[in-house]
Amino acid sequence: MSDLTTKTAVEIAALVAGGETSAVEVTQAHLDRIAAVDDRVHAFLHVDAEGALAAARAVDERRAAGEPLGPLAGVPVAVKDVLATKGVPTTVGSKILEGWRPPYDATIVERLRAAGTVMLGKTNMDEFAMGSSTEYSAYGPSRNPWDLSRIPGGSGGGSSAALAAYEAPLAIGSDTGGSIRQPGAVTGTVGAKPTYGGTSRYGLVAFSSSLDTPGPCARTVLDAALLHEAIGGHDPRDSTSIPQPVPDVVAAAKRGASGDLTGVKLGIVTEFSGEGAEPGVMAVFRDTVDTLTKLGAEIVEISCPHFTYALPAYYLIAPSECSSNLARFDGVRFGLRVGDDGNRSLEEVMSLTREAGFGPEVKRRIMIGTYALSSGYYDAYYGQAQKVRTLITRDFTAAFEQVDALISPTTPFVAFPIGARTSDPYQMYLADLFTIPTNLYGGPGISVPCGLSDGLPVGLQVMAPTMADDRMYRVAAALESAVGTFTPPAL
Ligand code: GLN
């Protein structure tokens, strides 16, 4: 493995800025690594070697011309295939968008380019970001670098697998119910879901618009914070974007790195007492609580009584929004078109296209959502779920009157074997038991590696109030300074 691929984004940027290496060399090292391991890991759906090298050359030219470089200039990044990339295939892990090359960049992608990062390619994901393992990708699963027979989490498992396999030092994910944090947890990497509206959804293929939140993935907390800062902030092209600057997540990560949490009050959620979670995960969590106490944090228990209903509420709200959002995939405007032989009606062509283009989990969600929104059932299902959402938000608001942040394990179980949960959707849905409340509330959450159970990574989740993303970075960085980072066995 080339030395350059094991470096952090901060280290790479410093080497490039100092002229000790070039952005082209850095990019080539990562492309070589992808060529060496990705047939086994399958983190990428598309590698854009030409585009990456061109972007790297541009950074090297700017440096040669003495132009100022940003803190991430020359650093490679892998982008989840949910974001539109101009001229570069964007599939959302679905056959229905196979071959689609968007005519524009998502705002996040624009900002990545402006920051001088080098996009290596697009990463694998569960189809339309629905899933927890990448097994619902129409292009086959990604594999966990810690154990190639296991899942790397989902839906953004390609991004987290790319980090853990040293194919990229930075990656972008999107989190609707846990799809940044859960893959981070099970691959021993860092994943942050920003405050909803803190990162732009413009050019993010919509799953559940009131929940979808793009965000940073990295191998260290500081790298994640730098990426968060680069992509975050107001975007007039997204109607739910918050017109405020990004909280100072970089300063918070640096402050946390001192390992001092004196004066910080953290809450353990009573309702996440471990029911449904693996004992090994809960044991690591308890050790982590001890570590946080030693770092100076005060830890109290807090009841959030409605968190118990988060999973069912989410599985009504998210499918309802998806049933509406995915209506646009009709075989006319984008990608796949099936059965258009001149003899069929438009409706038949749409139906055949959707039948062939969507996988079983996406169809299940569309059907659940359509049912939950149908007249006669709307109040009983969708309306009820929205009320629960309000109650969960109130639980968070009340909790944050008493503590600075809440903590829990990120996920109830470590990476499971490929195939273990695909036959029972509910078993798959449980992966997000601890992450979903944050999405319903809209606040930020981060997963930071905190230990191993049976040799597999466990993540700590830190949940903060909306627009207090900096707080979670401080706690995560402090923990990282105490427990270090986690390296999988060599591939
Ligand atoms: N696993 C959850 C789901 O299947 C969350 C997905 C996500 O965050 N995109 O809906």
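Given the structure is predicted, the values throughout are model-derived calculations rather than measurements. Read the numbers this way: they start at 1 and go in the same order the structure lists the ligands and their atoms.
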Element-labelled atoms of ligand 1 that are located less than 4.0 Å from some non-hydrogen atom of [X]:
X      : result
Met130 : 4 (O)
Ser155 : 9 (N)
Ser132 : 1 (N)
Ala129 : 6 (C), 7 (C), 9 (N)

Side chains of [X] and [Y] only: does a donor on one sit below 3.5 Å from an acceptor on the other?
X      : Y      : answer
Lys80  : Ser159 : no
Thr85  : Lys122 : yes
Ser142 : Asn124 : yes
Thr466 : Thr195 : no

Would you say [X] and ligand 1 have an N/O pair spaced under 3.5 Å apart?
X      : answer
Ser174 : no
Gly154 : no
Phe207 : no
Gly178 : yes

Does [X] come within less than 4.0 Å of ligand 1, judged by its heavy atoms?
X      : answer
Ala318 : no
Glu361 : no
Tyr429 : no

Side chain, backbone, both or neither: the part of [X] lying under 4.0 Å from ligand 1 by heavy atom:
X      : result
Tyr136 : neither
Asp432 : side chain
Ser179 : both
Arg365 : side chain

Paired with Asp105, the salt bridge (charged side-chain N to carboxylate O under 4.0 Å, His left out) test is passed by just one of Arg237, Arg113, Lys86, namely Arg113

Does any part of the side chain of [Y], heavy atoms only, come nearer than 4.5 Å to the side chain of [X], both counted from C-beta?
X      : Y      : result
Tyr202 : Pro236 : no
Lys95  : Val338 : no
Val458 : Phe285 : no

| said: Are Phe307 and Phe396, when compared by the centres of their aromatic rings, separated by less than 6.0 Å? | reply: yes

for atom 3 (C) of ligand 1, nearest protein heavy atom and its distance come out as Tyr315 OH, 3.2 Å

re atom 10 (O) of ligand 1, the protein heavy-atom contact at minimum distance is Tyr314 OH, 2.6 Å

- Hey, does the Lys NZ or Arg CZ of Arg421 hover above the aromatic six-ring of Phe416, less than 6.0 Å from the centre and inside 45° of the axis? yes

Result for ring-ring contact (aromatic ring centres under 6.0 Å, His included) between Phe128 and one of Phe329, Phe207, Tyr136 points to Phe329

